[in-house]
Structures are given as C-alpha cells and as structure tokens.
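Contents: one structure, followed by commentary.
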Amino acid sequence: MSSKKDEIIVLKKALTPIHLWTIGVGIVISGNYFGWNFGLSQSGFLGMLIATLFMAIMYLTMTLGISELSTMLPYAGGPYSFARRAMGRYIGFITGVGVVLQYVIAAPIIAIGIGGYISFLFPAVPTVVAAAFMYALFMGVHIIGIKEYATIEMVLVFIALGLLVLMYFVGLPQINVGHLFPENGDLIPGGFKGIWSALPYAMWLFLAIEMLPMLSEETRDVQKDMPKGLISGMVTLLILSILTTTVAIGLAGIDVMTVAEDPLPAAIAAVFGNTYWLAQILASVGLVGLIASFSGVILAYSRQVYALSRAGYLPSMLSKMHKKRQTPYMAIILPGFIGLVLVILFNPDDLILISTFGALVSYITMNLSVLILRKKEPHLVRTFKTPLYPFTPIVSLVLAVIAIFASFFANLTFFIVCLAVFAVATIYYWVWARHHINEDAPEERFAKDATVQVEVQAPVSPIEAIRE
C-alpha cells in the first residue's frame, strides 16, 4: 500500500491555460483531417451539417458542465472521479472503461489516418509501418514528460491550424454550390436515418476535448485555468468544424469525400489536381494535425488507465511511475501495443463506432454527475458554475442518449460488440476489481469523505473563464 501512496502525488504541475487550449484543440484537430467524411454517403452535406450542429451543442453544453466538475474534483481520474463521487464505484468504473475504450480505440484510428496521408506521398510505405513508428515515437515523448509534450504539441497545433486556415482561403472562392445542395433535390440521401447514422462521424470533429479534466493534477491553477482551456478549445473547434466540412464537400462533392482516406488533399486535388502545391502541402505538412491528435490521445488513455490502476480497479502494474520523469510509463506502453494490433485487424470507420460508443457512455454519466451532485451535495464549493443549469446538462444528456444509438443504424454488429465489452467489464468489476480498491487514491478518499473541500477562490463566469 505504501508504494501506491508514494505514486499518488508525483504528477508534475506544469500546465497553463495556453497549454490546456493547445492540448484540447490538438487532441481533436485530426477530426478535421480524417474521419468525419465516412458518414457522408447517407447524410449528404446538409445531413452532416445538421449532425455536426447537434453534436456541437452536445459538446458545448457538456463542456460547461465538466468545467464545474473539474474545479470540484481536480484529479487525474477526470470522468471516472466525477461519476465515482456522484453514483458510486461501479458507475465510476464503467465510466472509466468508456473513457479507456474511447481513447485506446481512437489512437489506431488516427494512426490509420496518418498511414493514409503518408501513402498519398509515399505509396510504398505500409500503413502498419507508419503506425508503429508513430506509436514508438510518441510513447517515448510522453514518458519523457508532460511539459515537453505540451511544448511539442503547441508547435504541431499551430501548424495544423495554419494549414486549415490556408485551405479555407484557397478553397472558399472555388466552392461548387451544387456539391453542397444537389440540383436533384436529394439533400439528405438517407433522410432522418442518414442524419442519425452520421452522428458518430460528426462527433469525430469534437471528440476528446473532454479529456482535459484528466490533466487537473498537472494544471498549475485548476480552478481558474481548466474552464478557460475547455471553453476556449470548444469554441475554436466549433468554428473549424463548420468551415472544414463546408469547404471540403463544396470542393470535391459527396462521392469523392465519402471514400477519401485523405479528405483534405483529395478536396483540393479535385479542383486543382494532385500536383497542386496546397494538395501536396496538406498531404505532407498536414500530417501534423493527425500527429497532434495522436499524441494527445496517448496522453488521454494513459491518464485514465493510470487513475483507474492507482485506485485499484485495474492491475497495479499499470500505475507504475518513471521515478525520474514522473510519468506513468506502463499506462502509456501497454495500451499502445493493443492499439497497434487494432491497426492490423480493423477498418477505421468501424473502429470509430466503438470509440464514440465508449465516449458517449462517459458523456451520459458525466452529465448525470452534474445534476446529481448539485442535488446531492449543493454545498460543495464550485469555483465555476454551469450556466443555465439545469437546462445545460439536460440538453447534453438527451443528445448523448440519442447519439449512442446512432451506431445501431451505422453498424449493428459493432453496436453489439460495444454492449459485449461493457458486459465483460461488469463481470470483471464484480468478480475482481471491487475487491482490490485502494482507499488511499485521491478519488476514493474524496468520494468517501463528503466534507472534503478543495481550496478555492471566488466563482467565475463563462466569459471570465476564457479570458487570459
């Protein structure tokens, strides 16, 4: 037990609001470069736009709710710790499983996307080789340290954002309105079902911004800085999502975008040709967007695995720390090997359904946690309060419940696979995990002691939260 206690306090506080914004945007930005386009065959542009707006509302309202939660429970467990406090150990564990599933699966999806962009430039390089190199490189970066990673991430994100803005300037004047709104009037090919089946792919434009609370223990002033990072990151992603989908589809049309493994270079190439300078830049330098998200996803799964292991829900070896670098190296390495196997075995459009299903499970429990803790423990000090409560978390909760069944329409087989994963996790919890809880883990201590308070300052408004 003493070894676990030694590990509890070693995460280094190094992150500021600009770091959080960078990581939040960076972990998601690959969604602009790859993945969102797989839902277009049934939705069309208008259906995808509607799906994107619904998911934007879900994420924006959820972001406001978890801004409140993260200032109350500033621990690496993030979503798991919120649900643990509100609804007990089992729901906390299931939430953690959803988060781990989301990010461990997201990593190979992005790795496949990286392989697609590399193949555009170097057809002889296999996707698996590119993915293995990326895993090895960024697992090493994360073992070195969080501050070093955040510095690299900042460079990658600004390059990726700059390329998107460049694409907007070049592409907007060349948009073919007929690609967006077909003259035959078939605006949404699959109708209502088409919009619903597009939801998991629209989520890909925002998925993972909610990982920032898992960095609470590494944030210098979590009460002030976490809401700033969450809200400013979400606003940035909302603007990008509308511009990217409109420009890319407007340039190339639905038929090209639906099958493109490198949608942004393909969109530019559809108008200007494969040799056009911007198509080549997006295919080469554009890799940084995918790489930024890939490295962020490794950070996310490692922190959730670390927190669950530290608390005893997962084997203790997964919370082993590198003594010199102060990083959870086993939580970084082992899930990475699993992800590399998934690169070999599955297609990215199927893996997206599993990743988004796991994410939505955690979204449902986090929104419930906002509502339950307001009612159950109204006197807990909240330095940031969710605007328009209880409307805000209820809207996010309803949209998450609707979205979780979207994979049923997209692929029934993988919907059943997702249910099976959580059934196995439930059996594992009742047979093994609940008997090995570490009562000294911060999330467990806080959940047991309803009188524990975090040292806080005065509450801040959403507008104040995004100001530096």
Side-chain angles (χ1 to χ4, degrees), residues 1-12 75-81 83-84 89-90 92-108 111 132 134-146 148-149 211 214-218 295-343 358 362 421-422 424-447:
M1 185 70 71
S2 60
S3 63
K4 275 187 173 285
K5 292 171 80 172
D6 290 341
E7 293 174 1
I8 285 172
I9 59 173
V10 294
L11 290 174
K12 184 188 295 184
Y75 306 119
Y80 137 67
S81 64
R84 167 68 181 92
R89 283 178 175 163
Y90 170 67
F93 171 72
I94 288 297
T95 300
V97 169
V99 174
V100 171
L101 189 67
Q102 170 187 356
Y103 293 113
V104 171
I105 299 294
M134 286 294 109
Y135 267 109
L137 174 63
F138 281 98
M139 285 192 293
V141 169
H142 283 291
I143 290 171
I144 290 173
I146 183 68
E148 291 78 5
Y149 154 74
M211 66 79 59
M214 288 189 280
L215 303 179
S216 292
E217 292 181 31
E218 295 158 280
S295 60
V297 163
I298 293 176
L299 176 68
Y301 76 58
S302 67
R303 291 323 187 251
Q304 190 70 179
V305 169
Y306 166 75
L308 290 170
S309 173
R310 179 176 68 177
Y313 295 92
L314 295 178
S316 59
M317 67 175 294
L318 291 169
S319 54
K320 285 185 178 180
M321 301 292 290
H322 192 290
K323 292 183 179 179
K324 182 178 180 181
R325 307 308 306 183
Q326 298 178 272
T327 50
Y329 68 96
M330 292 302 292
I332 293 169
I333 294 172
L334 290 183
F337 281 109
I338 294 172
L340 194 54
V341 172
L342 295 175
V343 169
S362 69
V421 168
F422 282 94
V424 171
T426 296
I427 295 170
Y428 164 82
Y429 171 82
W430 291 106
V431 171
W432 190 88
R434 69 191 180 100
H435 301 296
H436 296 81
I437 304 301
N438 175 20
E439 304 289 349
D440 290 321
E443 295 88 351
E444 294 299 314
R445 286 204 313 266
F446 191 83

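Please read these numbers as outputs of a predicted model, since none were measured by experiment. We use all heavy atoms of the structure for the numbers below, so side chains are in, but hydrogens, waters and symmetry mates are not.
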Handout entry: Y428: partners by side-chain hydrogen bond (donor to acceptor under 3.5 Å, both in side chains), with sequence neighbours left out
Key = none
Problem - Side-chain donor-acceptor pair present, S302, Y103, cut-off under 3.5 Å - result: no
Handout entry: Derivation of the side chain to side chain contact (heavy atoms under 4.5 Å, CB included) call for T426 and V97
Key = CA-CA 10 Å; T426 296; V97 169; over 6 Å; no
Practice task
Side-chain contact test, heavy atoms from C-beta onward, threshold under 4.5 Å: evaluate it for I333 versus I143 and give yes or no.
Solution key: yes
Problem - N438 vs E444, side chain to side chain contact (heavy atoms under 4.5 Å, CB included): CA-CA, chis, key distance, verdict - result: CA-CA 7 Å; N438 175 20; E444 294 299 314; over 6 Å; no
Handout entry: Closest contact, heavy atoms only, V305 versus A331
Key = CG1-CB, 3.8 Å
Practice task
Report the distance from atom CG of L342 to atom CZ of F337, rounding to the nearest 0.5 Å.
Solution key: 13.5 Å
Completion exercise
Here the pair of heavy atoms bringing R310 nearest to A441 is O-CB, 3.9 Å
Problem - L299 and M211, any side-chain heavy atoms less than 4.5 Å apart - result: yes
Fill in the blank from the handout: Between Y301 and I332, the two heavy atoms sitting closest are OH-O, 2.8 Å
Practice task
Determine the minimum heavy-atom distance between P79 and Q304, stating which atoms define it.
Solution key: CD-NE2, 4.2 Å
Practice task
State plainly whether the residues E439 and R89 are in salt-bridge range, i.e. N to O under 4.0 Å.
Solution key: yes
Fill in the blank from the handout: In terms of heavy-atom contacts, Y135 and A107 come closest through OH-CB, 3.3 Å
Exercise for the section: Any chance you could measure M317, atom CE, to M330, atom CE, to the nearest 0.5 Å? Expected result: 3.5 Å
Exercise for the section: Indicate the atoms forming the closest heavy-atom contact of A311 with Y80, along with that distance. Expected result: CB-OH, 3.2 Å
Exercise for the section: Answer yes or no: is there a donor N or O on one side and an acceptor on the other, between the side chain of S319 and the main chain of S316, under 3.5 Å? Expected result: yes
Problem - Derivation and outcome, side chain to side chain contact (heavy atoms under 4.5 Å, CB included), residues I437 and Y313 - result: CA-CA 6 Å; I437 304 301; Y313 295 92; 3.5 Å; yes
Practice task
Report the distance from atom NE2 of H436 to atom OH of Y429, rounding to the nearest 0.5 Å.
Solution key: 13.0 Å
